[in-house]
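Everything on this sheet refers to the single structure shown next.
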There are 2 protein chains.
Amino acid sequence: MANRSCIIRLSRYKNALNRLKTLNFVRVFSDNLADAAGVTAAQVRKDFSLFGITGNRRGGYKVDELSDQLNKILGKDQLQEVVVIGMGNIGKALFHYGGLEKSGIKVAAGFDIDPVKFDRDSSQPVLPLEGLVDFVRGHNIVLGVIAVPDYAAQQVLELMLSAGIRGVLNFAPICLKAPEGCIVNNINLESELENLIYFVNALEDGK
Amino acid sequence: MANRSCIIRLSRYKNALNRLKTLNFVRVFSDNLADAAGVTAAQVRKDFSLFGITGNRRGGYKVDELSDQLNKILGKDQLQEVVVIGMGNIGKALFHYGGLEKSGIKVAAGFDIDPVKFDRDSSQPVLPLEGLVDFVRGHNIVLGVIAVPDYAAQQVLELMLSAGIRGVLNFAPICLKAPEGCIVNNINLESELENLIYFVNALEDGK
DNA sequence: TAGATTGTTAATCGATTAACAATC
DNA sequence: TAGATTGTTAATCGATTAACAATC
């Protein structure tokens with residue numbers, strides 16, 4: 001029903017609401033959220049109606065209530081645990097990124113094949129890849145991040161799937177084949193920059 | 001004319017072609033590229049026709065030729081220089097990420113407000129934010145990455161714009177206001193994970 | 001030639017926007 | 001009550017897919 005773009009927008013509304021909360025706002029209109037998220041007010045109301053979120057005609061939405069509803073949809077009513085595979089630049093950054101913890105996402109462990117990277121006894125350990133399946137099963141983890149080189153990514157994905165991972169964020173610059181029952185979202189930094197380059201050039205070449 | 005999704009696909013085709021090149025493939029069909037990029041063959045041909053890229057009926061496309069054409073569209077026929085603002089986890093990762101250099105993108109310098117991070121005399125320096133405008137103008141740089149906390153992001157964007165930056169990749173979890181003539185693409189790691197969480201839950205709740 | 005693949009047009013699909021009655 | 005905002009339906013817009021004539 002809801003598509004990717006819709007959920008990304010919900011996430012933005014949620015972030016905007018958090019800021020409004022710290023400013024002690026009590027009510028908010030679709031118009032305000034539209035501004036904050038860079039969309040139209042109709043879009044905001046349409047998105048809400050898809051999830052049965054209702055406000056008050058004339059009075060808008062209560063910030064607290066709306067925030068709770070969005071948090072629930074986005075799984076923020078419970079701690080989400082994630083594993084990161086590949087402790088290179090990107091993997092390490094996510095591993096240590098404080099922004100996730102603040103939002104209820106815990107990076108439970110990192111994995112690599114390079115013994116130099118191991119840190120077995122930490123509360124946030126870095127473990128050998130061979131230990132992935134046991135760890136993921138033992139902790140009932142369903143989310144993972146792939147931050148390994150492209151040639152290793154498909155193999156790592158299959159290992160993750162066999163461990164029970166259901167959702168994957170893939171930073172490797174390759175399109176992975178995932179079966180039904182598993183979601184793979186790709187973030188390709190090179191593609192993002194190439195995209196930027198194309199549109200900046202297009203702007204300059206008039207129009 | 002072309003939209004974001006289309007350019008992201010071109011980037012994927014290009015990456016697939018590079019892999020085919022290393023395998024010494026000479027020709028490729030829309031069908032093969034479709035598989036590699038996870039789209040339909042019609043989509044591939046439609047994308048190419050948008051850019052006047054033609055192949056050979058019956059014989060497909062020449063790998064070398066096609067690769068050159070895509071590289072040109074994506075600006076890979078010249079070195080692209082980028083600055084990174086914010087030397088936290090994400091900023092540092094991009095700063096040191098080798099994958100970009102391999103693809104003709106050079107991170108020319110990093111910027112921060114924390115003196116501890118400065119590294120002025122390196123060939124890839126980390127400089128105080130006050131030096132951004134001069135550096136960017138001096139090097140004719142038009143691309144930048146924002147990797148600062150959300151509350152600082154809008155201010156940093158405006159500084160970048162005043163320096164002449166035209167394309168921005170924003171990792172701060174906030175929707176930035178950019179004027180005409182500047183492109184801002186957002187990558188929000190928290191949103192990406194929330195997206196994953198939503199769809200994994202949706203899968204589990206039957207359909 | 002016969003067969004396979006392109007290039008493009010038309011059809012479909014889905015998402016966004018506009019509009020407005022309901023109503024607080 | 002009068003005015004403003006929601007919730008939803010219908011209209012629009014744009015992107016993807018299907019189909020097939022052209023042709024190598």
Side-chain angles (χ1 to χ4, degrees), chain A residues 1-13 16-17 20 25-67 69-70 73 175 186 191 195 198-199 202 207, chain B residues 1-13 16-17 20 25-67 69-70 73 175 186 191 195 198-199 202 207:
Chain A
M1 197 82 232
N3 61 10
R4 177 183 153 83
S5 311
C6 173
I7 304 300
I8 295 286
R9 287 193 300 267
L10 292 193
S11 190
R12 285 192 182 168
Y13 304 150
L17 281 169
L20 290 177
F25 275 63
V26 174
R27 299 188 159 277
V28 64
F29 301 118
S30 57
D31 203 27
N32 310 136
L33 289 169
D35 274 354
V39 300
T40 65
Q43 180 82 269
V44 174
R45 298 197 301 272
K46 195 85 206 279
D47 287 340
F48 289 172
S49 101
L50 199 59
F51 288 93
I53 294 175
T54 60
N56 187 308
R57 290 186 207 240
R58 182 85 182 75
Y61 306 83
K62 285 188 194 159
V63 171
D64 278 345
E65 219 170 82
L66 185 54
S67 170
Q69 291 178 92
L70 293 179
I73 292 166
C175 191
N186 298 290
S191 285
N195 198 266
Y198 173 81
F199 285 108
K207 174 65 217 149
Chain B
M1 197 85 230
N3 62 8
R4 176 182 154 84
S5 311
C6 173
I7 304 300
I8 295 286
R9 287 193 300 268
L10 292 193
S11 189
R12 285 191 182 170
Y13 305 150
L17 281 170
L20 291 178
F25 276 63
V26 174
R27 300 189 158 277
V28 63
F29 301 119
S30 57
D31 204 25
N32 309 136
L33 289 169
D35 275 354
V39 300
T40 64
Q43 180 82 269
V44 173
R45 297 197 301 272
K46 194 84 205 278
D47 287 340
F48 288 173
S49 100
L50 199 59
F51 288 93
I53 294 175
T54 60
N56 186 310
R57 291 186 205 240
R58 184 82 181 76
Y61 306 83
K62 287 188 194 158
V63 171
D64 279 344
E65 220 171 80
L66 185 53
S67 171
Q69 290 178 93
L70 293 179
I73 292 166
C175 191
N186 298 289
S191 286
N195 198 266
Y198 172 81
F199 285 107
K207 177 66 219 155

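In what follows, every chain begins at residue 1, and chains take the letters A, B, ... in the order their sequences are listed.
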Report summary line: In whole angstroms, the gap separating C1' of D/dG7 from CG of A/L66 amounts to 15 Å
Report task. Tell me which nucleotide among C/dT5, D/dT6, C/dT8 gets nearest to the side chain of A/F29. Result -> D/dT6
Report task. Round to the nearest Å and state the distance from B/I8 atom CD1 to D/dT16 atom P. Result -> 12 Å
Requested in this report: State, yes or no, whether a side-chain contact exists between A/N186 and B/R12 at a heavy-atom distance under 4.5 Å.
Outcome: yes
Report summary line: A/Q43 has its side chain closest, among D/dA4, C/dT17, C/dG7, to C/dT17
Requested in this report: Could you check whether B/D31 gets within reach of a base, just the sugar-phosphate, or nothing at all, counting any heavy atom under 4.0 Å?
Outcome: nothing
Query raised in the report: Does A/A42 or A/N3 map to a spot on DNA chain C nearer the 5' end, using the closest nucleotide for each?
Result: A/N3
Report task. Can you sort out the partners of B/Y61 under side chain to side chain donor-acceptor pair (under 3.5 Å), two or more places apart, ordered by chain and number? Result -> none
Report task. Just call it for A/F48: base, sugar-phosphate, or nothing, with non-hydrogen atoms closer than 4.0 Å on any strand. Result -> nothing
Query - Any B/S30 side-chain nitrogen or oxygen under 4.0 Å from OP1 or OP2 of C/dT6 - result: yes
Query raised in the report: Rounding to a whole Å, what distance do you find between B/R45:CZ and D/dA19:P?
Result: 13 Å
Query raised in the report: Under 4.0 angstrom, heavy atoms only, what part of the nucleic acid is B/R9 near: base, sugar-phosphate, or nothing?
Result: sugar-phosphate
**Report entry** Value in whole Å for how far the C1' atom of D/dT5 lies from NZ of A/K62
**Finding:** 16 Å
Query - Nearest-angstrom distance from the residue atom CG of B/L50 to P of C/dG7 - result: 13 Å
Query raised in the report: Is any side-chain heavy atom of B/C6 closer than 4.5 Å to a side-chain heavy atom of B/F51?
Result: yes
Query raised in the report: Counting side-chain heavy atoms from CB outward, which of D/dA21, C/dT23, C/dT16 is closest to A/R57?
Result: C/dT23
Query raised in the report: Are any non-hydrogen side-chain atoms of A/D35 and A/F29 less than 4.5 angstrom apart?
Result: no
Query raised in the report: Does A/V44 reach the side chain of A/D31, with side-chain heavy atoms less than 4.5 Å apart?
Result: no
Report summary line: Symbol by symbol from the 5' end, with Watson-Crick or G-U pairs under 3.5 Å, [ ] crossing and | another strand, DNA chain C is ..||||||||||||||||||||||
Requested in this report: Taking all heavy atoms of A/S11 and all of B/S191, pick out the closest pair and write down the distance.
Outcome: OG-OG, 2.8 Å
Report summary line: To the nearest angstrom, the NZ-P distance between A/K46 and C/dT17 comes to 11 Å
Query - Any side-chain heavy-atom pair of A/D47 and A/V39 under 4.5 Å - result: no
Report task. Examine D/dT23: is either OP1 or OP2 under 4.0 Å from a nitrogen or oxygen in the side chain of B/R58? Give yes or no. Result -> no
Query raised in the report: How about A/Y13 and A/L66: do any of their side-chain heavy atoms sit closer than 4.5 Å?
Result: no
Query raised in the report: Under 4.0 Å between a side-chain N or O of A/Y61 and OP1 or OP2 of C/dC24?
Result: no
Query raised in the report: Contact class for B/G59 vs. all strands (heavy atom < 4.0 Å): base, sugar-phosphate, or nothing?
Result: nothing
Report summary line: Here the distance between atom P of C/dG7 and atom CZ of B/F51, to the nearest Å, is 15 Å
**Report entry** Atom-to-atom span, CZ of B/R27 to C1' of C/dT5 - whole angstrom
**Finding:** 12 Å
